[in-house]
Number of protein chains: 2
Amino acid sequence: MKREDSLKLSSQLCFPLYAASRELTKAYAPLLKEMGLTYPQYLVMMVLWEDGSASVKDLGESLCLDSGTLTPMLKKMESHGLILKTRDPEDQRSVIVSLTKKGSDFKERAYAVPAAMSCMIGLDEAEARSLYALTYKLLHALQAREQS
Amino acid sequence: MKREDSLKLSSQLCFPLYAASRELTKAYAPLLKEMGLTYPQYLVMMVLWEDGSASVKDLGESLCLDSGTLTPMLKKMESHGLILKTRDPEDQRSVIVSLTKKGSDFKERAYAVPAAMSCMIGLDEAEARSLYALTYKLLHALQAREQS
DNA sequence: TCAGATTTAATTTTATACAACCTTTTTGCC
DNA sequence: GGCAAAAAGGTTGTATAAAATTAAATCTGA
């Protein structure tokens with residue numbers, strides 16, 4: 001690529017990723033609205049549906065989010081009756097997040113979400129698999145960079 | 001995929017996209033810091049470096065951002081001396097954004113940014129091209145959905 | 001054992017994002 | 001011309017995000 005093209009928006013790999021990520025969040029919104037969830041909140045719920053409970057640190061590592069984002073988000077989810085927060089008796093620094101009955105029951109309704117989304121992405125299965133692999137590879141490369 | 005797996009975080013196509021997008025923004029930050037730009041502001045600058053000037057509507061269409069995001073962002077960029085805002089004499093509704101000398105001069109320094117980023121993404125050229133194509137395909141599919 | 005280092009959350013500050021709504025201006029259309 | 005509809009940008013309210021700082025609890029090595 002010529003130097004003078006390297007600053008064109010259309011040459012950027014990062015821009016469609018950034019834009020598609022935001023459009024995806026917007027596409028999720030109407031599906032999650034009936035459960036009163038936002039997309040990041042839905043991700044927290046997925047971790048909890050799978051693992052039962054998790055510390056704030058665990059959630060942060062799973063979702064690549066820090067406490068500055070999670071703490072206010074979890075506070076809202078708690079006030080909406082989806083989760084409970086308790087201190088770990090073994091280590092009082094750690095806050096354990098778990099599901100309420102309501103939060104747990106939402107799992108059944110949530111199965112409709114990935115089903116509906118798969119119709120919206122406009123990719124066939126091979127493309128979706130390829131995109132999945134590439135975004136994870138990119139994510140891991142960027143995370144490795146953070147250590148140094 | 002089995003139904004019970006469909007809500008696992010590791011089955012989601014959207015999550016690595018969402019996480020990688022945020023990690024990318026973080027990776028850009030130190031490169032842009034010396035120019036006092038954030039990643040979204042850098043995108044605005046790229047449009048202006050390429051086109052010279054653009055209305056708020058043009059910027060919104062190019063970057064998939066609405067006035068609720070752009071208006072305060074452009075206000076900051078103006079106060080930092082990077083851009084100018086003038087009303088279009090042809091259409092008083094429209095605000096034309098253009099570069100100051102300082103903003104224009106930053107283009108030379110910015111060539112270092114895509115060069116540095118290409119080393120960070122951990123993808124070879126074929127993978128980068130493939131990811132570019134897939135994210136644009138996804139972006140366009142999601143945008144088409146918005147009309148309906 | 002106990003002082004310092006580390007870990008874990010919470011808080012604060014700054015900067016997006018987006019939906020919903022509002023104001024001003026322009027455009028159609030009769 | 002006159003007026004409804006559309007277009008453009010701004011405003012408000014809510015929800016992330018991330019960096020930097022603080023505070024509390026735990027761990028660790030001399």
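First the proteins, then the strands, lettered A, B, ... as listed; each starts at 1.
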Over how many whole Å does the gap from [X] atom [atom1] to [N] atom [atom2] extend?
| X | N | atom1 | atom2 | value |
| --- | --- | --- | --- | --- |
| M73(B) | dG10(D) | CE | P | 13 Å |
| F15(B) | dA17(D) | CZ | P | 11 Å |
| R87(B) | dT23(C) | CZ | P | 15 Å |
| Q143(B) | dC18(C) | CD | P | 11 Å |
| Y18(A) | dC18(C) | OH | C1' | 12 Å |
| D58(A) | dT7(C) | CG | P | 15 Å |
| L74(A) | dA10(C) | CG | P | 8 Å |
| L59(B) | dG10(D) | CG | P | 11 Å |

- Query: Does Q41(A) or K75(B) map to a spot on DNA chain D nearer the 5' end, using the closest nucleotide for each?
  - Reply: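 Looking at the nearest nucleotide for each, K75(B) comes out on the 5' side.
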
- Item | First of D88(A) and S55(B) reached from the 5' end of DNA chain D, by closest nucleotide | S55(B)

Heavy atoms from C-beta onward define the side chain here; which of [options] lies closest to that of [X]?
| X | options | answer |
| --- | --- | --- |
| S67(A) | dA18(D), dA17(C), dA10(C) | dA10(C) |
| K57(A) | dC18(C), dT16(D), dA9(C) | dA9(C) |
| T38(A) | dT16(C), dT16(D), dG10(D) | dT16(D) |
| Q92(B) | dT26(C), dA17(C), dT16(D) | dT26(C) |

- Task: Provide the closest heavy-atom pair for A54(A) versus L48(A) in the form atom of the first, atom of the second, distance.
- Result: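 Between these two residues, the closest heavy atoms are N-CD2, 3.8 Å.
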
- Query: Is there a side-chain polar atom (N or O) of K76(B) under 4.0 Å from OP1 or OP2 of dT16(C)?
  - Reply: yes

- Item | K75(B) bridged to E78(B) by N-O distance under 4.0 Å | no

Would you mind classifying the nucleic acid contact of [X] as base, sugar-phosphate or nothing, using non-hydrogen atoms under 4.0 angstrom?
| X | answer |
| --- | --- |
| D91(A) | sugar-phosphate |
| L70(B) | nothing |
| T69(A) | base |
| K33(A) | nothing |

- Message: For W49(B) and Y42(B), take the angle between the two ring planes, folded into 0 to 90°, and tell me which bin it lands in: parallel under 30, tilted 30 to 60, perpendicular over 60.
- Response: perpendicular

- Message: Can you tell me how the ring of Y132(B) sits relative to the ring of Y136(B), calling it parallel under 30°, perpendicular over 60° and tilted otherwise?
- Response: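 Geometry flag for Y136(B) against Y132(B): perpendicular rings.
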
- If you take atom types as modelled and just measure distance, does the side chain of R93(B) reach the base of dT24(C) with a donor-acceptor pair under 3.5 Å?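 Donor-acceptor pair under 3.5 Å: no.
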
- Query: If each of I96(A) and P72(B) is mapped to the nucleotide of DNA chain C with the nearest heavy atom, which maps nearer the 5' terminus, i.e. the 5' end?
  - Reply: I96(A)

- Note on the structure: Between H80(B) and K26(A), whichever has its closest DNA chain C nucleotide further toward 5' is H80(B)

- Does the pair S130(B) and L134(A) meet the rule for a side chain to side chain contact (heavy atoms under 4.5 Å, CB included), with working shown? CA-CA 8 Å; S130(B) 176; L134(A) 288 168; 3.5 Å; yes

- Query: Under 4.5 Å between side-chain heavy atoms, hopping through other hydrophobics if needed: is there a path connecting L84(B) to L70(B)?
  - Reply: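 Result: no, two separate clusters.
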
